[in-house]
Number of protein chains: 2
Amino acid sequence: MANMTDVAKLANVSTATVSRVIQNPEAVKEKTRIKVLQAIEELNYQPNILARYFRRTETKTILVVVPSIVNNVFPQMIAGIDLVAGQHGYKVLLGNTYQDPEKAYSYIEELKQKQVDGMILLTTRLDKDVITDIAERYPVVLTSDFIEGLNVPTVAIDNISSAREAVEHLLQLGHSRIGMITGPLNSLLCRDRLKGYRQALLANEVAIEGVLIQEGDHTYESGYNQMNKFLALEETPTAIFAANDSMAMGAIKAVKDQNMKVPEDVAVVGFDNIQFSKIFEPALTTIAQPLLGMGKRSMELLLKQIKGEPLTKKQLVLDTKLIIRDSCGYNKQV
Amino acid sequence: MANMTDVAKLANVSTATVSRVIQNPEAVKEKTRIKVLQAIEELNYQPNILARYFRRTETKTILVVVPSIVNNVFPQMIAGIDLVAGQHGYKVLLGNTYQDPEKAYSYIEELKQKQVDGMILLTTRLDKDVITDIAERYPVVLTSDFIEGLNVPTVAIDNISSAREAVEHLLQLGHSRIGMITGPLNSLLCRDRLKGYRQALLANEVAIEGVLIQEGDHTYESGYNQMNKFLALEETPTAIFAANDSMAMGAIKAVKDQNMKVPEDVAVVGFDNIQFSKIFEPALTTIAQPLLGMGKRSMELLLKQIKGEPLTKKQLVLDTKLIIRDSCGYNKQV
DNA sequence: CAACAAAATGTAATCCATTACATTTTAGCT
DNA sequence: AGCTAAAATGTAATGGATTACATTTTGTTG
């Protein structure tokens, strides 16, 4: 394989000129440029990218750390990231953590070792101090999952107000006994959705009952199980807010299995607007996150950091949207 | 940042020895090794991975080329790839093509430029000759999508016999008027599934009618639309084989919208066993592909090539499994 | 045409780990 | 002790693009 020196010799110029033709063609006189280009053509020369990376200490690669790629929301965010990354000549390295913090830390090493130019965290089971430290020294963006009181560049939605909107929708439909199936409460994101639920009830002077709050783990099965707990209550809730769509579907399934109907007997609102939520029957009323957009914004924020541009806004909060379908009976009431 | 020379000086050895301590510790006397390790510790030395990559012309990175990451099957395959890759110290670069062959070709460049050590293609809208050529010169694995008569390392399922099994299941349940909704027929994979459908009918002496074969595009909507065509026929089919689960769901929806029932009025079998196929109502009878396993095998096959080991088996065909659920009435008939 | 600024090009150091080959040390044995 | 083979370590070249700085060429203007 020909190298730059070979090209330089053939074109009768210095390697510096060859390099310039490649990196910054305007800096070279047209006559010379053509000469060099011909030599490149003739030798079928391709720059050694690895040498360039080494010399530049830059890899044009960013790392996306994600708990699991087999998931309904992450692939869409990754698609958004990839889209913007590609437009700017960056490649995307996949960092699956399999929920293991150790794994996540190992990815941070890659960042420290400059194997990647930046990192987007789509999750955070990481120590607060570690993240703060890393984010100060390297380009990092936190997406979706917030960490309280952290001054790290972040792209997220307002989980509190989104959840509040979902619950208020149920309240407006006349429900007052509303159960919630939360996600794992060790995550701030899930606590926020719970907080939104509480705020909605408080604002409407509806009492909050502990028995109407059950913690799930984001799976369909947990939705099913928690719903069964609700249905076993003496006074069952007439509406449910599930912290994600999978649990909402599980909950609906539980209702159906009791020969009851959704939305007639129990109304259900989900969260995420996963692809299947509109196919599911009844089609799910849910909160849509701008997943693709979050991915895009994250990458844009990361690029700014990589380029050393000042960040005017470190924390980006994107709008969500309540998608009204059939699972809470809105269409029938109107 | 300290480099290897600094460590060598501090430990009073040569850089060669430091390098050996890192790469091949057994080759260094214990006393020396400890000395070097202490120096590394003291200087907080981290090897410059980029320099290593450059020197070794190897990046410990592989590329997965995929038409879209927002999809029901690819993420699982990628997870399998990632799993094995991680176990062997390899990283996974994501190559989303957005269905654009141009994009795919650009990823091949990365392989040629040695930016990655190998490539797994989860799709192939690529020229046959190009793939053959590339596969001869670099480590490449084709997964899922076959190309006819190609001697490239491949991991796949037997789409023909799997489809045949699905259709035979319907035949055994007493159906003889069976429609098929295919995927895009410019893909061999989809033609194979159609071929399996034909074989099953022929083997059971059921006439093949052109009007009972409709081409969809893998989407839920196309399943819905093609099913409506079937339902508009004078003699409607009593069973449908859809080439993937999304179309199967769309087809079922169309049946329901006509106030008919699945499986009572029309039985439906899908293909893929996506996550939602068991949540969907009726739960989908479908062919399960070992997606994770295919990913794993692909990576293993790629690793062998990277290591230069001889490939005893170039073409791997993994078993599929018919998952019987509720959409074709098997459970009721028995 | 001289003089000078600007544009173009060249020189050579640099990034840093790896490794073929050379040299030294160690260990085992007579 | 002396010898040899094996083990351990060292020397120095290598990979190839980039770029600060130096030098040459070109173009402009009085």
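As a basis for the values below, the full set of heavy atoms in this structure was taken, side chains included, without hydrogen atoms, waters or symmetry mates. In what follows, chains are A, B, ... by sequence order, proteins preceding strands, each numbered from 1.
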Legend entry - Residues B:Glu109 and A:Gln46: side-chain donor-acceptor under 3.5 angstrom: yes
Legend entry - B:Thr15 and B:Thr5 side chains, donor-acceptor separation under 3.5 Å: no
Please identify which of these residues, [options], meets the side-chain contact (heavy atoms from CB on, under 4.5 Å) condition with [X].
| X | options | value |
| --- | --- | --- |
| B:Ile62 | B:Val141, B:Val116, B:Ile120 | B:Ile120 |
| A:Leu121 | A:Val152, A:Ile131, A:Ile134 | A:Ile131 |
| B:Val36 | B:Val13, B:Leu10, B:Ile22 | B:Val13 |

Minimum heavy-atom separation for [X] to [Y], with atom names?
| X | Y | result |
| --- | --- | --- |
| A:Asp117 | A:Pro139 | O-CG, 3.3 Å |
| A:Leu303 | A:Tyr90 | CD2-CE1, 3.5 Å |
| A:Pro153 | A:Leu311 | CG-CD1, 3.8 Å |

In whole Å, what is the span from the [atom1] atom of [X] to the [atom2] atom of [N]?
| X | N | atom1 | atom2 | answer |
| --- | --- | --- | --- | --- |
| A:Met4 | D:dA17 | CE | P | 5 Å |
| A:Asp6 | D:dG16 | CG | P | 9 Å |
| B:Asn3 | C:dC15 | CG | P | 8 Å |
| B:Leu50 | C:dT14 | CG | C1' | 15 Å |
| B:Phe54 | D:dA17 | CZ | P | 8 Å |
| B:Gln23 | C:dT19 | CD | P | 7 Å |
| A:Ile22 | D:dT19 | CD1 | P | 12 Å |

Pull out every protein N or O sitting under 3.5 Å from an N or O of nucleotides 6-11 of chain D, one pair per line with the distance.
| residue | atom | partner | partner atom | Å |
| --- | --- | --- | --- | --- |
| D:dT9 | OP1 | B:Thr32 | OG1 | 2.0 |
| D:dT9 | OP2 | B:Lys29 | N | 2.9 |
| D:dG10 | OP2 | B:Ser14 | N | 2.8 |
| D:dG10 | OP2 | B:Ser14 | OG | 3.3 |
| D:dG10 | OP2 | B:Thr17 | OG1 | 2.7 |
| D:dG10 | N7 | B:Arg20 | NH2 | 2.8 |
| D:dG10 | O6 | B:Arg20 | NH1 | 3.4 |

Inset, instruction - Confirm from the modelled atom types if B:Arg55 and C:dT19 form a donor-acceptor pair under 3.5 Å, side chain to base only. - result: no
Legend entry - Any residue of residues 110-117 of chain B with a heavy atom less than 4.0 Å from an atom of DNA chain C: none
Legend entry - Contacting residues from residues 35-49 of chain B, given that a heavy atom lies under 4.0 angstrom of DNA chain C: B:Tyr45, B:Pro47, B:Asn48
Inset, instruction - Using only side-chain N and O atoms of B:Arg52, determine if any of them is under 4.0 Å from OP1 or OP2 of C:dC16. - result: no
For [X] and [Y], indicate whether the former's side chain and the latter's backbone hold a donor-acceptor pair under 3.5 Å.
| X | Y | value |
| --- | --- | --- |
| A:Lys314 | A:Asn151 | yes |
| B:Thr123 | B:Pro67 | no |
| B:Arg33 | B:Val28 | yes |

